[in-house]
Enquirer: 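Dropping the structure in here first, questions after.
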Amino acid sequence: MVSFSSEVKKELCSVNAVDTEQKKAELYGLLIFSKVFKKDKIVLTTENSDVSKKVTDLLEELYMPIIEKETTLRVRTTEHHLSKISLINADDCLRIFDDYGHHDNDISLRVNRANISSDELVAAFLRGAFEGCGSVSDPMKSYHAEFCVPHKNLSVDLCKILSEIPECDFTPKTVVRNGSYVVYFKGSEQICDLLTYIGATNCAMEIMGTKAVKQVRNNINRRINSEVANITKIASASAKQLAAIQKIKDKKGIESLPDDLREIAVLRLENPEMSLRDLGQNLSVPISRSGANHRMNRLLEYAEDLE
């Protein structure tokens, strides 16, 4: 069964940027959040075949490096295979590392903002980042999207980039999980905005559609539960009233009751399922629900006095 994350990544990988700078930005997002991105070693692992093909195609088109691909069977995962993409030539790694503006004397790996100097490049960069280290839960179960980032400083940079997007009101949060820094979103609106921004518009619409279906279903369930609760409440009250009327009938007779109580008592015996409001409206002289309830309470007290 294909996961929703796989559907999202398939749609993202189908986005073909015409502009070379956008392609470079997307590849940058894939590489900098990969398993290893150094001047002498670049390694990316993925369980998604579309992502594996996308990063290979971008590398070959932009840099023509020597690429080594290794595929391992992963029985316990939904994708079944883990692809490891490595650049085995140190010169190729250095060429790519330098082209993205990184240097050997950098204290720590940080996002070079010069590579994402426009809104279009930011979108392409985030698309690559999500392809490489992102995931999103099935909207039928929950609303959760995340980037699993290998280094703290990169997670800080990613949060800053996301929060600075002018047309989106992103408020990403961070948590440490198994040695990685997870940048995540919980709200369906933010997840839809993120997917739309990076190019997965169809999947964003699927989330919105699923949310609408869930809301309708929840409203129906609430209405049914409310109606069941009301029916149960009416049935319980009716049973108590019927027991009291039967006691009066057995011990003194219905005719012993005052006219107003006798009429509602007979009506209740004939209509055990009827609500107090309907009882009141079906009397010879209609009364309100409050009035019907008052008469029933007098009947209950009358029955208690027979003890």
Side-chain angles (χ1 to χ4, degrees), residues 2-3 5-104 106 108-112 114-116 120-135 147-151 154 157-158 179-180 198-200:
V2 179
S3 68
S5 272
S6 296
E7 292 180 16
V8 172
K9 291 186 179 184
K10 185 178 184 67
E11 184 177 0
L12 291 176
C13 290
S14 70
V15 177
N16 292 313
V18 178
D19 184 83
T20 300
E21 291 304 308
Q22 290 184 31
K23 292 179 180 179
K24 284 186 66 176
E26 184 173 357
L27 179 61
Y28 186 45
L30 277 157
L31 296 180
I32 198 167
F33 293 109
S34 64
K35 185 176 182 181
V36 180
F37 183 62
K38 298 179 180 179
K39 69 180 182 64
D40 57 351
K41 187 177 182 182
I42 296 176
V43 180
L44 184 144
T45 59
T46 179
E47 294 180 353
N48 188 287
S49 58
D50 295 301
V51 173
S52 177
K53 184 178 186 306
K54 186 64 175 282
V55 69
T56 303
D57 289 348
L58 287 173
L59 281 168
E60 290 178 344
E61 180 179 351
L62 296 171
Y63 294 104
M64 295 291 291
I66 300 173
I67 300 173
E68 183 180 85
K69 292 186 72 173
E70 179 184 345
T71 302
T72 308
L73 183 64
R74 293 280 295 273
V75 179
R76 290 182 296 175
T77 65
T78 55
E79 297 297 331
H80 303 301
H81 292 88
L82 177 68
S83 295
K84 180 180 179 182
I85 301 160
S86 306
L87 302 192
I88 58 176
N89 186 294
D91 290 338
D92 288 337
C93 296
L94 181 60
R95 182 160 49 91
I96 294 171
F97 200 71
D98 284 345
D99 194 46
Y100 280 117
H102 292 278
H103 308 286
D104 192 23
D106 290 343
S108 63
L109 187 62
R110 304 297 295 262
V111 176
N112 182 0
N115 296 310
I116 50 174
E120 292 78 15
L121 296 182
V122 170
F125 170 77
L126 291 175
R127 180 165 63 251
F130 193 90
E131 290 165 349
C133 69
S135 65
F147 298 81
C148 190
V149 183
H151 306 294
L154 286 180
D157 290 345
L158 179 58
S180 296
I198 63 179

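Numbers here simply count residues along the sequence, with the first being 1. Every heavy atom of this structure was used, including side-chain atoms; hydrogens, water molecules and symmetry mates were not. None of these values were measured; they are calculated from a predicted model.
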Enquirer: Quick one: does any side-chain atom of S52 pair with a main-chain N or O of S49 as donor and acceptor, under 3.5 Å?
Expert: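 No; judged by distance alone, with no hydrogens or angles, the pair does not exist.
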Enquirer: Residues in side chain to side chain donor-acceptor pair (under 3.5 Å) with S135, at least two apart?
Expert: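 Applying side chain to side chain donor-acceptor pair (under 3.5 Å) to S135 gives none.
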Enquirer: Hey, could you give me the OG1/CG distance between T45 and L82, rounded to the nearest 0.5 Å?
Expert: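 Atom-to-atom, T45:OG1 and L82:CG are 5.5 Å apart.
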Enquirer: Identify the two heavy atoms, one from G199 and one from V15, that lie closest to each other, and give their separation to 0.1 Å.
Expert: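 Distance-wise, the nearest heavy atoms are O-CG2, 3.9 Å.
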Enquirer: Testing the basics here: between V111 and D157, what is the closest heavy-atom pair and its distance to 0.1 Å?
Expert: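 Shortest heavy-atom separation between V111 and D157 comes out as N-OD2, 3.0 Å.
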Enquirer: Per the ring-ring contact (aromatic ring centres under 6.0 Å, His included) rule, what does the pair list look like for residues 36-63, sequence neighbours excluded?
Expert: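 Matches after skipping sequence neighbours: F37-F97, F37-H102.
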Enquirer: Side-chain contact test, heavy atoms from C-beta onward, threshold under 4.5 Å: evaluate it for L30 versus V51 and give yes or no.
Expert: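 Yes, side chains in contact.
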Enquirer: Assess whether side chain to side chain contact (heavy atoms under 4.5 Å, CB included) is satisfied between L87 and L59, documenting all intermediate values.
Expert: CA-CA 10 Å; L87 302 192; L59 281 168; 4.1 Å; yes
Enquirer: Start with the C-alpha distance between L126 and L158, add both sets of side-chain angles, then the distance that settles side chain to side chain contact (heavy atoms under 4.5 Å, CB included), and finish with yes or no.
Expert: CA-CA 9 Å; L126 291 175; L158 179 58; 3.6 Å; yes
Enquirer: Tell me, which pairs form a side-chain hydrogen bond (donor to acceptor under 3.5 Å, both in side chains) where one or both residues lie in residues 84-98, sequence neighbours left out?
Expert: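 Listed by first then second residue: D92-R95.
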Enquirer: Using 0.5 Å steps for rounding, measure from the CD atom of E120 to the CG atom of D19.
Expert: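 E120 CD to D19 CG: 9.0 Å, rounded to 0.5 Å.
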Enquirer: If the condition is salt bridge (Lys or Arg N to Asp or Glu O under 4.0 Å), which residues does K53 pass it with, not counting sequence neighbours?
Expert: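 Per chain and number, K53 pairs via salt bridge (Lys or Arg N to Asp or Glu O under 4.0 Å) with D57.
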Enquirer: Mind checking what makes side chain to side chain donor-acceptor pair (under 3.5 Å) contact with S108, not counting sequence neighbours?
Expert: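 Counting only residues at least two positions away or on another chain, S108 forms a side chain to side chain donor-acceptor pair (under 3.5 Å) with N153.
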Enquirer: List for me each residue that meets side chain to side chain donor-acceptor pair (under 3.5 Å) alongside E61, sequence neighbours excluded, and say none if there are none.
Expert: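 E61: side chain to side chain donor-acceptor pair (under 3.5 Å) contacts with K23.
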Enquirer: Nearest 0.5 Å please: distance from the CD atom of E47 over to the OG1 atom of T72.
Expert: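 Those atoms lie 10.5 Å apart.
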Enquirer: Between I32 and N115, is any pair of side-chain heavy atoms under 4.5 Å apart?
Expert: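 In short, these two side chains do not touch, never coming nearer than 4.5 Å.
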Enquirer: Kindly compute the distance separating CD1 (I42) from CG (L31), expressed to the nearest 0.5 Å.
Expert: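 One gets 5.5 Å once the value is rounded to the nearest 0.5 Å.
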Enquirer: Using ring pair (Phe, Tyr, Trp, His ring centres under 6.0 Å) as the criterion, list what pairs up with F125, not counting sequence neighbours.
Expert: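 Once residues adjacent in sequence are excluded, the partners of F125 under the ring pair (Phe, Tyr, Trp, His ring centres under 6.0 Å) criterion are Y28, F33.
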Enquirer: Got a sec, which pairs hit salt bridge (Lys or Arg N to Asp or Glu O under 4.0 Å) with one end in residues 29-44, sequence neighbours left out?
Expert: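 Not a single pair qualifies under salt bridge (Lys or Arg N to Asp or Glu O under 4.0 Å).
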Enquirer: Output the distance between atom CD1 (I67) and atom CD1 (I88), rounded to the nearest 0.5 Å.
Expert: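 Answer rounded to 0.5 Å: 10.0 Å.
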Enquirer: Taking N112 for its side chain and Y100 for its backbone only, find out whether a donor-acceptor pair lies under 3.5 Å.
Expert: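 It does hold such a pair.
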Enquirer: Quick test of your reading of the model: are K9 and D50 salt-bridged, counting only N-O distances below 4.0 Å?
Expert: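 Not counted as a salt bridge, because no side-chain N and carboxylate O are separated by less than 4.0 Å.
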Enquirer: Using every non-hydrogen atom in the two residues, find where T56 and K69 come nearest and quote the distance to one decimal.
Expert: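 Looking at all heavy atoms of both residues, the closest pair is OG1-NZ, 3.7 Å.
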Enquirer: For D99, give me all partners under salt bridge (Lys or Arg N to Asp or Glu O under 4.0 Å), at least two apart in sequence or on another chain.
Expert: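 With neighbours one apart ignored, the set is K24.
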Enquirer: List for me each residue that meets side chain to side chain donor-acceptor pair (under 3.5 Å) alongside K54, sequence neighbours excluded, and say none if there are none.
Expert: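 Only E26 meet the side chain to side chain donor-acceptor pair (under 3.5 Å) criterion with K54.
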Enquirer: As an exercise, state the distance from CG of N48 to OG of S6, rounded to the nearest 0.5 Å.
Expert: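 Going from CG on N48 over to OG on S6, the span is 5.0 Å.
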